[in-house]
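Step one of this worksheet: look at the structure below.
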Amino acid sequence: MTIMTGNPPGATEWFQRAKRMRKQQLSNLAQLGTLVSCIGGLAHMLQCERGASNVWLCSQGQLYEAECKASRALVDEILTAFHRSLAQQSLMSGSAVCERIASALSHLEQLSALRKTIVSRNITASLAMEQYSRTLRHLLSIIPQLNDSIDDPQIAGRFVALYSLMQGKELVGQERALGAIGFTEGYFSEEMRQTLVDRIDAQQACFDVFLSRTHPQVQAFFNTTCQASAETEQLRRLACTRQPAADQGKTALEWFARQTTRLEHLRTLEETVTDDLMHAVDELMQSQETFIPGADEGDDFLAAYPDKPLLSLVRQQAREIELLSRQLASLRDTLEERKTIDKAKSVLMSQHNMTEEQAWITLRKMAMDKNQRMVDIAHALLTVKSLWQVIPKE
């Protein structure tokens with residue numbers, strides 16, 4: 001039998017413990033702010049390099065050579081800052097984020113080889129685009145793992161808003177790169193058109209989440225500068241309903257310029273939202289420094305809601321945190337599904353001598369034939385050997 005000596009921790013000790021833990025959590029998040037900003041900048045320049053490379057490849061090296069060289073130089077510059085930022089991170093939230101960083105670095109290390117195949121024109125624009133996009137997916141997948149224990153609704157809301165904005169922006173970048181291929185080549189296949197529509201729909205879903213978690217001034221800026229322009233909508237309809245005219249890349253350059261302007265506005269907004277998140281974290285840290293538990297009623301957060309019963313207030317906060325957690329989980333699940341589909345495509349390419357486009361079409365056809373999601377088919381191909389016999393051989 002253990003006999004306790006001394007008094008057990010009282011209210012003051014528990015208040016102080018909570019304060020220390022909260023301060024440490026906020027300090028960790030503030031430390032990661034530079035890394036989040038660096039990831040956003042690196043993703044933006046990789047998006048620029050991807051789009052310019054597509055135009056250059058599809059034009060047989062006639063267009064955007066200077067833009068390709070400039071974007072590569074800027075990517076390399078920001079990549080150096082990214083490595084420096086990683087080296088300065090003394091605190092990480094767990095093994096999951098380390099695994100995401102390792103995966104992103106592995107794909108970034110393949111960037112030099114990808115560039116060589118582009119310069120020598122030994123790769124198609126669609127395959128180059130997919131490799132850039134895969135690298136970007138792994139890079140952006142770091143962000144939702146940077147802090148998985150946010151328990152403040154305002155911080156969690158800003159975090160969800162930022163990640164949703166970055167995901168939507170990447171889908172706009174994919175739309176720009178895909179349209180650059182079709183307009184430069186003067187041809188959109190049905191597969192390209194469907195992919196284009198998918199990217200448009202998906203980006204809007206991300207932006208809807210973003211707008212639901214931000215304040216009116218940001219919403220107004222987004223609606224004024226970041227929505228697709230009327231001219232862009234016309235080009236979208238052209239791509240999705242009929243074949244563009246052969247005009248030596250004129251329409252392709254117009255498409256690229258308009259989407260680039262939109263991406264630049266989205267990048268400006270992304271920087272603003274990142275600063276807003278870090279400012280909110282800093283304000284909370286400052287409030288923790290001055291907070292004295294039990295000093296008077298004004299220090300009690302419940303005093304701000306004198307007419308609200310405690311139970312309903314707690315339930316309201318719990319519902320808000322639960323909703324934010326579900327939104328983050330949904331975004332994470334989307335990333336995991338893409339990774340599973342990528343693995344299944346790689347298996348098809350290596351085992352059945354398929355191109356990446358053939359592997360994608362095969363997975364999609366099997367999903368349609370079986371009335372299942374592509375990710376479920378991908379899981380089945382990776383785990384059940386008996387399903388290999390249904391794969392058509394080209």
Verify, without hydrogens or angle tests, whether [X] (side chain) and [Y] (backbone) share a donor-acceptor contact under 3.5 angstrom.
{"X": "Q203", "Y": "R199", "result": "yes"}
{"X": "T195", "Y": "E191", "result": "yes"}
{"X": "R100", "Y": "S141", "result": "yes"}
{"X": "S71", "Y": "C68", "result": "yes"}
{"X": "Q358", "Y": "T355", "result": "yes"}
{"X": "R193", "Y": "A239", "result": "yes"}
{"X": "Q243", "Y": "F188", "result": "yes"}
{"X": "T274", "Y": "E270", "result": "yes"}
{"X": "T214", "Y": "V218", "result": "no"}
{"X": "E175", "Y": "I200", "result": "no"}

Linking I/L/V/M/F/W/Y whenever their side-chain heavy atoms sit closer than 4.5 Å, directly or via other members, would [X] and [Y] fall into one cluster?
{"X": "L35", "Y": "L165", "value": "yes"}
{"X": "V172", "Y": "L238", "value": "no"}
{"X": "I39", "Y": "M278", "value": "yes"}
{"X": "L171", "Y": "L263", "value": "no"}
{"X": "V119", "Y": "I123", "value": "no"}

Can you tell if the side chain of [X] reaches within under 4.5 Å of the side chain of [Y], non-hydrogen atoms only?
{"X": "F82", "Y": "L139", "result": "yes"}
{"X": "T362", "Y": "H352", "result": "no"}
{"X": "W360", "Y": "L348", "result": "no"}
{"X": "I143", "Y": "L162", "result": "no"}
{"X": "L105", "Y": "H83", "result": "yes"}
{"X": "T225", "Y": "L269", "result": "no"}
{"X": "L74", "Y": "C48", "result": "no"}
{"X": "D342", "Y": "E130", "result": "yes"}

Can a side-chain donor-acceptor contact be found between S133 and R50 if the only test is distance below 3.5 angstrom? yes
Should the ring pair W255 and F183 be called parallel, tilted or perpendicular, given that the plane angle runs from 0 to 90° and is split at 30 and 60?
tilted
More than 12 non-hydrogen atoms from neighbouring residues, nucleotides or ligands closer than 6.0 Å to [atom1] on [X], yes or no?
{"X": "E77", "atom1": "CD", "result": "no"}
{"X": "N353", "atom1": "CG", "result": "no"}
{"X": "Q227", "atom1": "CD", "result": "yes"}

*Side-chain ion pair, E233 and R258, N-O less than 4.0 Å*: no
Under 4.0 Å between a side-chain nitrogen and a carboxylate oxygen: does that hold for R267 and E271?
yes
*Going through the distances and angles, do T135 and L114 end up as a side chain to side chain contact (heavy atoms under 4.5 Å, CB included)?*
CA-CA 11 Å; T135 301; L114 173 59; 5.9 Å; no
Got a second to check how far [X]'s [atom1] is from [Y]'s [atom2], nearest 0.5 Å?
{"X": "I361", "Y": "M366", "atom1": "CD1", "atom2": "CE", "result": "14.0 Å"}
{"X": "S164", "Y": "F159", "atom1": "OG", "atom2": "CZ", "result": "10.5 Å"}
{"X": "F207", "Y": "Q219", "atom1": "CZ", "atom2": "CD", "result": "14.0 Å"}
{"X": "H379", "Y": "T340", "atom1": "NE2", "atom2": "OG1", "result": "4.0 Å"}
{"X": "C240", "Y": "L235", "atom1": "SG", "atom2": "CG", "result": "11.0 Å"}
{"X": "H265", "Y": "C226", "atom1": "NE2", "atom2": "SG", "result": "7.0 Å"}

The single option from Q47, R137, H44 that satisfies side-chain hydrogen bond (donor to acceptor under 3.5 Å, both in side chains) with E170 is Q47
Margin query: Test salt bridge (Lys or Arg N to Asp or Glu O under 4.0 Å) on K250 and E254; report intermediate values, then the result.
Written below: CA-CA 6 Å; K250 179 181 177 181; E254 180 186 356; over 6 Å; no
- [ ] Quick one: do V273 and R158 satisfy side chain to side chain contact (heavy atoms under 4.5 Å, CB included)? Show the steps, please.
- [x] CA-CA 8 Å; V273 174; R158 284 177 166 87; 5.9 Å; no
Which heavy-atom pair separates [X] from [Y] by the least distance, and what is that distance?
{"X": "S53", "Y": "R72", "result": "OG-NH2, 4.3 Å"}
{"X": "V55", "Y": "F256", "result": "CG2-CD1, 3.9 Å"}
{"X": "N54", "Y": "A180", "result": "CB-CB, 4.4 Å"}
{"X": "L57", "Y": "A125", "result": "CD1-CA, 3.8 Å"}
{"X": "M129", "Y": "I181", "result": "SD-CD1, 4.2 Å"}
{"X": "A367", "Y": "I377", "result": "CA-CG1, 3.7 Å"}

Checklist line | R236 and L196: CA distance, side-chain angles, deciding distance, side chain to side chain contact (heavy atoms under 4.5 Å, CB included) verdict | finding: CA-CA 9 Å; R236 281 175 169 177; L196 197 60; 5.7 Å; no
From the list T184, I118, L63, side chain to side chain contact (heavy atoms under 4.5 Å, CB included) partner of W56 resolves to I118
- Task: Apply side chain to side chain contact (heavy atoms under 4.5 Å, CB included) to L136 and Q174, showing your working.
- Result: CA-CA 10 Å; L136 279 157; Q174 291 183 30; over 6 Å; no
